[in-house]
Chemist: 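Got a structure for you, questions after.
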Amino acid sequence: PIVCYYSGLGRPFTVEEGALSSERHWINRAWTLQENREQSIVAGVTDYSPPFPPEELSDDTEVGRFALQLATLPWEHPTNIFLALRAMQKRSSVNPVDKIAGLAYILQCNPLPVYKIDETAEEAWTRLVENLPDRYRGDLLFLYPTPGDGMLNWAPSWRQILENELPKGAGVYVSQEVTYNREGPYYRYRGYVIQKCWIRGFHEVPKAASAKRGSKRVGQMVIEPDTPGSKPISFEMIASHGVLIPEGRYMLISGTGYLEFWVVAKDKPKVLAGGGLLVEKVSVLEPGSRAVEGAIKKTNRGRKMLVLFH
């Protein structure tokens, strides 16, 4: 267990009205996210402290709201990286790189990146990504719906993480490993690749689409014939995001087990001398159903390949 002074080191535990809106409160500080544990001891409890946790979790009181926020925070080594990124997104720090450094322990980076107060947030984030466990890089590759606009194409920039709505990590376990080759320097993934696929139906927002955030869009993946006289094969795909994907031909990349998550990449990858394809990410999709996953695999149109990202 870890002992937490939620009201300040050595101070009595209180949750006064309006306290949670302060940038200085424990719940809003970048460095304190790594202190959250499944078993925590509330320090500074006095006769005047409110009962904690309250008997009922409710947002009707300030102490109830605090308990609810604590209950939603990730513990160390969360099942999905976006649980930690969403928790850090709105927290406050004196130095912008503090928010990135505050993620290193909770995400079990090995080694822990050296803290450099004078580097940019984008540089600090790129170094953090280099030291992440492989499966957290898999979350970034297969769940974030747009190319990165920073130092990496396949993963979001730190600006995108702070300013954009992030995928919901709760209940999502991608379990795909993206490794880092420091000599390349490329990020490597060995997955199930289908080339010469047409993506249709995601190039515009459907007129009847629900305005509700997170509503899914339905489109098609059409695999071109692989032999003369054979027919193209079409499958229903869904987008759990609002990013538009121009209609056209792409290369699609998924896992080697379940084909539950797909990366849409540009059609003509660069073939590297040492082997592998250097690809450029466009977006992400999911199959319309588990039946679609199995049907795609039965076509035998894909093969296991080493792909590299920059």
Side-chain angles (χ1 to χ4, degrees), residues 137-148 153-156 167-168 172-178 187 189-210 214-271 276-309:
R137 288 195 285 257
D139 295 340
L140 296 173
L141 174 63
F142 282 98
L143 296 180
Y144 196 77
T146 67
N153 158 264
W154 64 274
K168 296 178 180 178
V172 180
Y173 193 71
V174 176
S175 189
Q176 298 296 327
E177 297 186 349
V178 176
Y187 292 85
Y189 178 72
R190 189 172 296 276
Y192 186 79
V193 178
I194 303 179
Q195 295 180 284
K196 299 180 180 180
C197 289
W198 286 82
I199 298 298
R200 296 171 179 165
F202 301 105
H203 63 293
E204 60 184 4
V205 178
K207 294 180 181 179
S210 169
S215 59
K216 296 182 178 181
R217 298 175 294 142
V218 179
Q220 298 291 320
M221 174 180 75
V222 182
I223 306 176
E224 291 185 0
D226 60 344
T227 58
S230 60
K231 297 180 179 180
I233 308 172
S234 178
F235 298 100
E236 183 180 89
M237 303 293 282
I238 61 174
S240 300
H241 53 78
V243 177
L244 302 184
I245 305 174
E247 290 195 340
R249 194 164 78 167
Y250 296 93
M251 182 173 76
L252 269 73
I253 305 161
S254 188
T256 54
Y258 293 112
L259 306 182
E260 189 175 357
F261 304 98
W262 290 82
V263 173
V264 180
K266 289 189 175 180
D267 179 49
K268 296 180 179 179
K270 181 180 179 181
V271 181
L277 303 175
L278 182 59
V279 302
E280 190 171 343
K281 178 179 173 180
V282 175
S283 191
V284 297
L285 293 172
E286 301 169 36
S289 67
R290 278 294 177 91
V292 170
E293 292 180 36
I296 292 174
K297 187 166 284 189
K298 288 180 180 179
T299 65
N300 294 320
R301 297 291 180 88
R303 58 194 179 110
K304 294 181 181 179
M305 299 180 65
L306 175 65
V307 292
L308 296 95
F309 299 90

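Reckoned from all heavy atoms, side chains included, excluding hydrogens, waters and symmetry mates. Values in this document were obtained by computation on a predicted structure and should not be read as measured data.
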Chemist: Is the Tyr192 ring parallel, tilted or perpendicular to the Trp262 ring (thresholds 30°, 60°)?
Modeler: perpendicular
Chemist: List in chain and number order the residues that pass side chain to side chain contact (heavy atoms under 4.5 Å, CB included) with Pro246, two or more places apart in sequence or in another chain; answer none if no residue qualifies.
Modeler: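 Partners of Pro246 by the side chain to side chain contact (heavy atoms under 4.5 Å, CB included) criterion, ordered by chain and then number, come out as Tyr250.
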Chemist: Does a side-chain heavy-atom distance below 4.5 Å link Ile245 with Leu285?
Modeler: yes
Chemist: Tyr189: what forms a side-chain hydrogen bond (donor to acceptor under 3.5 Å, both in side chains) with it, not counting sequence neighbours?
Modeler: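 For Tyr189 the side-chain hydrogen bond (donor to acceptor under 3.5 Å, both in side chains) partners, ignoring immediate neighbours, are Gln176.
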Chemist: Nearest heavy-atom pair of Phe235 and Ala295: which atoms, and what distance?
Modeler: CE2-CB, 3.5 Å
Chemist: Rounded at 0.5 Å granularity, tell me how far OH in Tyr144 sits from NZ in Lys281.
Modeler: 8.5 Å
Chemist: What pairs of residues pass the salt bridge (charged side-chain N to carboxylate O under 4.0 Å, His left out) test when at least one of them lies in residues 244-259, not counting sequence neighbours?
Modeler: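 Every salt bridge (charged side-chain N to carboxylate O under 4.0 Å, His left out) pair that includes a residue of residues 244-259, provided the two are not neighbours, is Glu224-Arg249, Arg249-Asp267.
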Chemist: If the condition is side-chain hydrogen bond (donor to acceptor under 3.5 Å, both in side chains), which residues does Ser234 pass it with, not counting sequence neighbours?
Modeler: Gln220
Chemist: Can you run down the salt bridge (charged side-chain N to carboxylate O under 4.0 Å, His left out) pairs that involve residues 232-243, sequence neighbours left out, and say none if there aren't any?
Modeler: none
Chemist: List for me each residue that meets side-chain hydrogen bond (donor to acceptor under 3.5 Å, both in side chains) alongside Glu260, sequence neighbours excluded, and say none if there are none.
Modeler: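 With neighbours one apart ignored, the set is empty.
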Chemist: Give, for atom CD1 of Ile253 and atom CE of Met305, the distance between the pair rounded to the nearest 0.5 Å.
Modeler: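 Going from CD1 on Ile253 over to CE on Met305, the span is 9.0 Å.
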Chemist: Can you name the residues that form a side chain to side chain contact (heavy atoms under 4.5 Å, CB included) with Leu278, not counting sequence neighbours?
Modeler: Tyr186, Lys270, Leu272, Leu308, His310
Chemist: I'd like to know if the side chain of Ser254 reaches the main chain of Phe261, judged simply by a donor and an acceptor atom lying under 3.5 Å from each other, with no hydrogens or angles considered.
Modeler: yes
Chemist: Going from CD1 on Ile233 to CD1 on Ile194, what distance comes out if it is rounded to the nearest 0.5 angstrom?
Modeler: 9.0 Å
Chemist: In the structure I gave you, are the side-chain heavy atoms of Met221 and Val292 within less than 4.5 Å of one another anywhere?
Modeler: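 No, side chains not in contact.
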Chemist: I need the minimum non-hydrogen distance between Ile223 and Cys197, along with the two atoms involved.
Modeler: CG1-SG, 4.0 Å
Chemist: Strictly by salt bridge (charged side-chain N to carboxylate O under 4.0 Å, His left out), give each pair with a member in residues 250-259 just once, sequence neighbours left out.
Modeler: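 Listed once each, the pairs would be none.
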Chemist: Can you list the residues that meet the salt bridge (Lys or Arg N to Asp or Glu O under 4.0 Å) rule with Glu177, with sequence neighbours excluded?
Modeler: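 For Glu177, no residue satisfies salt bridge (Lys or Arg N to Asp or Glu O under 4.0 Å) once neighbours in sequence are set aside.
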Chemist: Side-chain contact, heavy-atom cut-off 4.5 Å: Leu140 with Pro156?
Modeler: yes
Chemist: If only atom types and distance count, is the side chain of His241 paired as donor or acceptor with the main-chain N or O of Pro167 below 3.5 Å?
Modeler: no
Chemist: Is Val264 close to Phe202 at the side-chain level, that is, under 4.5 Å between some pair of heavy atoms?
Modeler: no
Chemist: Within a 6.0 Å radius of atom NZ on Lys268, are there more than 12 heavy atoms belonging to other residues, nucleotides or ligands?
Modeler: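 Result for NZ/Lys268: open.
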Chemist: Pro147: which residues meet the side chain to side chain contact (heavy atoms under 4.5 Å, CB included) condition with it, sequence neighbours left out?
Modeler: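 For Pro147 the side chain to side chain contact (heavy atoms under 4.5 Å, CB included) partners, ignoring immediate neighbours, are Asn153.
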Chemist: How far does CG of Leu252 sit from CD1 of Ile199, to the nearest 0.5 angstrom?
Modeler: 4.5 Å
Chemist: Please list, chain by chain and in numerical order, all residues satisfying side-chain hydrogen bond (donor to acceptor under 3.5 Å, both in side chains) with Lys266, sequence neighbours excluded.
Modeler: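 For Lys266, the residues satisfying side-chain hydrogen bond (donor to acceptor under 3.5 Å, both in side chains) (neighbours in sequence not counted) are Glu280.
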Chemist: What residues, two or more places apart in sequence or in another chain, satisfy side chain to side chain contact (heavy atoms under 4.5 Å, CB included) together with Ile238?
Modeler: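 Ile238 satisfies side chain to side chain contact (heavy atoms under 4.5 Å, CB included) with Lys216, Val218, Glu286 once adjacent residues are dropped.
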Chemist: Measuring from Arg303:CZ to Gln195:CD, what's the distance to the nearest 0.5 Å?
Modeler: 6.0 Å
Chemist: Measure across Pro269 and Met251 and return the closest heavy-atom pair with its distance rounded to 0.1 Å.
Modeler: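 What the structure gives for the nearest pair is CG-SD, 4.1 Å.
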